Structure formats: C-alpha cells, structure tokens
Amino acid sequence: MPFSIDSLSLENRIDALFAAQRGQAVPGYAVGVLHQGQVLLSKGYGLASLEHGLPVRGDTVFRIASVSKQFTVSAVLMLASEGRLRLDDDMRTHLPEMPELQAVVTIEHLMRNCSGLPDFLEMLRLGGVGLEFSLSRARMLQLIAANRHLSFAPGSRFLYCNTNFLLLGLIVERLSGQSLDGFLQQRIFKPLGMNRTAMCRETDVPVAGLATPYLQGPDGSFRRAQHAFEQGGEGGMVSTVEDLLLWSRHYEQPWLAPLDLPAQLASPTTLTGNHASTYARGVELGSFAGRATLGHGGLWPGFKTEFLRLPEAGLTVVVIANGGHLEPYRIAREVAAEVLAVPAYIQPAMDMALLVGEWFSAPHAGQPEPALLELAVRDGKLIATQWGMPFQLTPAADGGWAPLRGAYEFKLWPRSAELLEVEGGAGLTQRFTRRAERPAPPADLEGSYRCEHNGVQWVIGAAPGDEAGLQVRISGPVLADGGVWTLRGLSEEVLELQGQLYWMKSSQLLRPRRDAQGRVTGLLVDTSRVRNLLFVRG
C-alpha cells in the first residue's frame, strides 16, 4: 500500500468516519479502497467477534448476500458466450419443472430483475417463515414451482426479486454439471486470486475467519443474528473486501473470457414503454457527486455489504459490516467523498420537519397500486419507512429526495404541505396525501383466505380487547402456526397488515375484492417485492 503524507491524511479522515467503532467492543466494518489501480486502504473497525474480542480486518470474511448476484450472472454470461444458452431463452427451456405462466420469462428477464416473478422470500414470509428457519434448496424449488403468479408483464417493470437469481444459479449448475461454487471457483475466484471467496450454500458450515453477525436491540445491546436458509445464486457468497477489490480490478482490466464480461454486466436496459431501468445485469446503475456509479448492496441478518464503483474516477469502495444496525451504503459514499475531495451530501433546501407524518397514496389511473409512507426526523436525518423497512433520504441537487439504499426505485418530491409525489420507475408516479387518522377496517372481512401460489392461509378475526380491531392468524405449507399479525384500516379500499418476524417488521397493503352484491370474495396483496397477489376467500 503506498505511504505518503497524502495517504496518511486520507486514512486519518476515513478513520474519523468510524469513531463509534474505534476502541469499542461493538460490531464493525471492513473497508477497502482501490483508486487508479492502487489499494489505498484495507482496514477494519470494531469487532468481528464480540465473544472472543477479535477485531475486524481487511481479510475478515463476511457473508456478502446480494453482492453475489453479479457473480451468478457472470457465470450465466460465460455459458452464453460458449453457446450453451441464449439470453432470450425461456427459463423453462432449462427449468422444465417451472410452471407455464401467462407470459414467457426469459433468462434476460431474470438477470435484469424485470421478470415479474414474486420473490420467494416474500412468498414464504407471508406464511410466517423468517430467515432463521432451516429450508433446503430442494424445498424452496418446490415452493417456487407451485407459483403461477406474475406481479406484472415480464420486461415491463423493475422489481427486486431473489427468485430470479436462485433460478439462474440452478441453470448454471445444470448446464455446467458442477455446483455453482465449483464453477465460480474454477472460472472466476481462483484465476483472480480471490482465495477467501466461496459460494457457501449451508449457513451452518464452519468458514475460516468468518465474522459473527449481530443484531442490536432497542436498549443498545447485541445478540447473534440467526439465519438458516440455504443460499445460492441469489446471495450465498462469503468474501472479503480485499477479494472484492480484486474482482473490481477485473472490471477495469478484464482478461477472463469473455473479455466483454464487465461491459455485459453494466449494459443498461430499456423496459416496455421505452422506460429506462437503473438495474443492469446483477448490478445497479446510479450516480454520486455527479459521477456515474455501478455496484450492488447486500443484506442478510446481521450482515450488510456495499460494493461501489465510480468508473470515471477509477475508484472502488467496498464496505462490509457485521451489524444489522450499521450502514455500509452511506459509509461507502462518505469514504468515496473523502477520496475524491467532494461533499458527500448537499444541504436540504427546506425544513425537514414539514415532511414529518404518515402519507398515503390511493390507487389511481397512473398508479393502480396503493402505497404507504412514513417520514420522520431522527438525529437530524430524514428517515422514510415503507413496507416496514426504514431508510434514510438525502436531498438531491434537483430538489428531490433520494434514498440512501440500493436497488430501490424511489425519488420523493415535496409539492406542498399536503402533497408528495414519488417517482417509482417505469413511468409510474405516486401521489401521497397526509393521513391524519385511520378508519376502522371494514366489518365484513372476517373469514378464511387462501393463496394458491404459495399455499398460505390467513384467517381474519377480531383482535382480543379491541372492539374495532382485526388480526390475521397465519399458516402455510412450511409452518402450521405462522403467528398473528395486526390488520389496520387505511381507507375504504385499502388496509395495512403489520407483521413482526425474528429480525424485521413488515407492512403489507391489502385491497378487498367484492362481487356485484358487495360481498368480499378475496384480497389483493402488495408487498415490497410482490404485487397484486390474490388471496381467495373460502
């Protein structure tokens, strides 16, 4: 690593970003910086193991979750370059057990997160199944094959979906005759010297140097995060910041076949209706400080990753954390700002307190699906909560507000004290008005509802001790008792179903379907990664 007065100054400035971790017995971050072909920093802050007092280092191993997706896609593109598949192949050509859907889903749709397939993790979660449960790949595939629902016409919209990449990984295994890890080791990891990287499907297999993941409780204490799902092409890799810098160098100086692999990964797409998408092939296109970015984030209980490239500046920043409360996405951009000597953020042009409150977007012609948004100011930051997940918003130079999180189409525009607009991609704009109070849910919802696409059953009944309240008892093909969630009114046409699983809260929006006599016949359900899923009353 080059050592000069400038590099010493840079390291000191970056160190200051991690004041909360330095010298403290807390989970932490690993940070790697590659600039103009030189590694400027490979360093850790905080502890990889609270139990043993082991520090995070540049070679500490973490689960990198969805940063795995670009490697799965790379494997598919390698097979395509050899003529073993075509990107416009129907996925069922290679996965004949998948059901025939109302439209063809191609391999290209899978890679670009525009397939319309529902996210299998969301489908399981609607049956009360969290990531702490042990579920095999074979069982997951059975559940995915039972689905015949599409959230939208393939190619028409972007919606993040882990199902896409699980299936891509399976296609690689079938065509190559190798495990996904075996293929990636042979074709990418070993040639590039990524010696601490692997596709590690089982979460209970010991991995040398693997950091322990932690969750922080409301009182500030920590507990070890539980996770037991088998993982694959959608997020099963373990790696280090140093290995990911080696991978980033290949974007700049490719030599693995095909030589245009980085360009294929970064190639943008146009959705139906001539709408651009920010998602390329397993990587996300964006901007920071007026410069184009390419990268991806990863999230798994207790692990968070941000792989950020600014190609024009020859800069890569990789930040990985072993605490669910930590913020690699934000930190990576603050590190990049220090390297480039530019401001990380601009000052808001308005009083954030004017935006605080609950905002609701009713279905309308330009946006057929409802949306709910909560805005709050915490520690001087504007925090949005949608689908149960909080994320920070930061002001943009054009007057809008953008999220400090990846793979999420969202741009907020304050229009008045009572009106917000959110651009959600594919030409869709949501109009939000303040929700001062909530109506009681309709009295005629009680009963049993079942979804044929995931085998989940909901029983809606009165909530004990709440005369106007309703609750939903959940069961499904994995759990006979998935718990009880709370149902709250939003409008005459929309309700919110609030759930709580092991490591996260969730919010789903429900629209009752009625027959000509006004009787409820079913529910249309929207979640963060599934749209218009039908539960039939029976």
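On a predicted model such as this, the values are computed, not experimentally measured, just so you know.
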Polar side-chain atom of Ser42 near backbone of Glu242 as donor-acceptor pair, under 3.5 Å = no

Check whether any side-chain heavy atom of Leu308 lies under 4.5 Å from a side-chain heavy atom of Arg333, and answer yes or no.
-> yes

Could you check whether the rings of Phe62 and Phe303 sit parallel, tilted or perpendicular, using 30° and 60° as the cut-offs?
-> perpendicular

Shortest non-hydrogen pair, Leu167 vs Met91, comes out as CD1-SD, 4.0 Å

Begin with the C-alpha distance, continue with both residues' side-chain angles, and end with the deciding distance and a verdict on ring pair (Phe, Tyr, Trp, His ring centres under 6.0 Å) for His325 and Phe222.
-> CA-CA 10 Å; His325 62 296; Phe222 297 103; 5.3 Å; yes

Please identify each residue that fulfils salt bridge (charged side-chain N to carboxylate O under 4.0 Å, His left out) with Glu496, with sequence neighbours left out.
-> Arg438

When every non-hydrogen atom of Trp300 is compared with those of His227, the smallest separation belongs to NE1-ND1, 2.9 Å

Okay, side chain of Lys304, backbone of Gly324: is any donor-acceptor separation there less than 3.5 Å?
-> yes

Salt bridge present between Glu252 and Arg309 (N-O < 4.0 angstrom) = yes

May I ask you to say whether Arg281 pairs ionically with Glu108, meaning some side-chain N is under 4.0 Å from a carboxylate O?
-> yes

Starting from the C-alpha separation in whole Å, work towards a yes-or-no answer on ring pair (Phe, Tyr, Trp, His ring centres under 6.0 Å) for His296 and Tyr279.
-> CA-CA 10 Å; His296 212 285; Tyr279 205 86; 5.6 Å; yes

Tyr408 and its ring pair (Phe, Tyr, Trp, His ring centres under 6.0 Å) partner, picked from Tyr160, Phe391, Trp387 = Phe391

Check whether NZ of the Lys or CZ of the Arg Arg405 lies under 6.0 Å from the centre of the six-membered ring of Tyr329 and within 45 degrees of that ring's axis.
-> no

Any donor-acceptor pair under 3.5 Å linking the side chain of Gln226 with the backbone of Arg224?
-> yes

Exam field: side chain Ser176 to backbone Val172, donor-acceptor pair closer than 3.5 Å | yes

Do Arg529 and Glu122 sit within salt-bridge range, that is, some charged N less than 4.0 Å from a carboxylate O?
-> no

Report the relative orientation of the aromatic rings in Trp247 and His250; use parallel for angles under 30°, tilted for 30 to 60°, perpendicular for over 60°.
-> parallel

Do NZ/NE/NH1/NH2 and the carboxylate oxygens of Glu312 and Arg291 come within less than 4.0 Å?
-> no

Could you give me the CA-CA distance, side-chain angles and deciding distance for Asp59 and Arg57, then say whether salt bridge (Lys or Arg N to Asp or Glu O under 4.0 Å) is met?
-> CA-CA 5 Å; Asp59 62 354; Arg57 307 188 313 182; 2.9 Å; yes

